[in-house]
Amino acid sequence: MIEKIKQIEQEAQTEIATVQTLDHLELFRVKYIARKGLVPTLFDSLKTLESSIRPEMGKHLNDLRNKVQKLFDDKKEALEKNLHSEKESIDLTLPGRKRWIGTKHPITQTLDEIKRIFFKMGFEVAEGPEIEDDYHNFEALNFPPDHPARDMQDTFFVSDKILLRTHTSPVQIRVMEKQKPPVRVIMPGRVYRNEAISSRSYCLFHQVEGLYVDTRVTFSELKGTLVAFAKQFYGSNIKFRFRPSFFPFTEPSAEMDITCFLCKGSGCRVCKQTGWLEILGCGMVHPNVLKNVNYDPDKYSGYAFGMGIERIAMLMYGIDDIRILYQNDLRFLKQF
Ligand code: DAH
């Protein structure tokens with residue numbers, strides 16, 4: 001019996017040294033410790049011994065059982081610790097994880113560039129509410145009460161006198177109500193129109209409004225500023241023209257065209273074969289508008305302009321459907 005005990009102890013010691021995995025350790029347990037294992041089997045055979053030596057053998061067997069159990073426990077602890085630290089260890093040879101950096105929306109990029117150019121010319125930025133009242137959106141801007149733009153067709157009304165602004169021009173009024181001349185601001189923002197949605201028009205879009213009011217502001221300053229802007233934005237070799245137009249809040253009014261930068265003026269689908277692209281509306285602030293904000297029209301004059309951003313962005317980036325700008329499709333946005 002003593003021999004047997006020693007033999008098993010030695011075997012167990014050699015064997016545990018070769019155990020590298022938890023699976024292997026389980027085999028060890030089954031072989032030595034489990035109910036049918038070598039050690040319990042020896043305990044069973046105690047019964048067959050003479051009662052005089054049983055207590056002593058029992059003691060040896062207990063020793064064996066404790067030793068084997070300790071071999072098992074130590075190994076188990078070591079293997080589990082190893083497993084754990086393997087999980088946490090950092091493999092410096094792995095390639096880095098790619099970090100996705102977002103890009104600015106093409107509308108934001110276009111707006112940023114427009115702002116940058118006007119900043120350099122001394123303009124500040126002002127903003128106004130998207131939910132406007134009829135007074136600021138129409139009345140103060142000299143729209144007659146029966147003007148078609150007030151029509152339900154174009155304007156989203158919130159209530160009788162409250163609406164979603166249809167252009168950024170009401171911000172002109174809000175700025176002038178708060179500030180005395182000289183005023184030199186650009187006013188970017190969202191505007192809303194109740195139009196049939198198509199590839200060319202959407203129920204919301206962006207505009208940038210400009211306003212300069214001071215003593216003796218002239219139409220030639222308006223032209224000079226807008227030409228300087230257009231050359232920086234579209235390229236110094238563009239040609240331009242001003243066409244007479246009409247807006248209730250400016251007099252005289254004009255629209256500015258530049259040579260189509262796609263066909264360079266020879267005529268294409270985008271410029272509808274005219275060679276020209278209309279880029280903005282502008283004019284000298286109407287005296288009635290100045291009066292509405294308590295500016296003396298005899299003392300002050302000013303110019304204003306407004307442009308749509310989507311149209312510009314679409315031309316610049318060759319986007320042929322306005323709706324795609326609002327779908328947040330990453331396949332589209334990632335290109336910018
Ligand atoms: N508010 C006009 C529109 O939405 C654009 C515009 C034209 C703004 C002439 C102006 C301007 O400030 O002077 O169509």
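Model, not experiment: these values are computed from the prediction. Sequence positions, counted from 1, serve as the residue numbers for this chain. Just so it is clear, the values below take in all heavy atoms, side chains as well, and ignore hydrogens, waters and symmetry mates. Both counts, for ligands and for their atoms, begin at 1 and track the order of listing.
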Heavy-atom side-chain contact between Ser301 and Thr218 under 4.5 Å
no
State, yes or no, whether a side-chain contact exists between Val289 and Val293 at a heavy-atom distance under 4.5 Å.
no
Present, as a list of atom pairs with distances to 0.1 Å, all nitrogen or oxygen contacts under 3.5 Å between ligand 1 and the protein.
from     : atom 1 : to     : atom 2 : distance (Å)
ligand 1 : 1 (N)  : His167 : ND1    : 3.0
ligand 1 : 1 (N)  : Ser169 : OG     : 3.0
ligand 1 : 4 (O)  : Arg193 : NH2    : 2.9
ligand 1 : 4 (O)  : Gln207 : NE2    : 3.0
ligand 1 : 12 (O) : Gln172 : NE2    : 3.2
ligand 1 : 12 (O) : Glu209 : OE2    : 2.6
ligand 1 : 12 (O) : Phe305 : N      : 3.3
ligand 1 : 12 (O) : Phe305 : O      : 3.2
ligand 1 : 13 (O) : Ala304 : O      : 3.1

Nearest-0.5 Å distance that lies between atom CZ in Phe138 and atom CD in Glu132:
10.5 Å
Test ring pair (Phe, Tyr, Trp, His ring centres under 6.0 Å) applied to Tyr212 and Phe118, Phe219, Phe305, Tyr303, the passing residue:
Tyr303
In terms of side-chain geometry, is the basic nitrogen of Glu113 or Arg116 positioned less than 4.0 Å from the acidic oxygen of its partner?
yes
Pairing donors with acceptors under 3.5 angstrom, does anything connect the side chains of Tyr202 and Glu310?
no
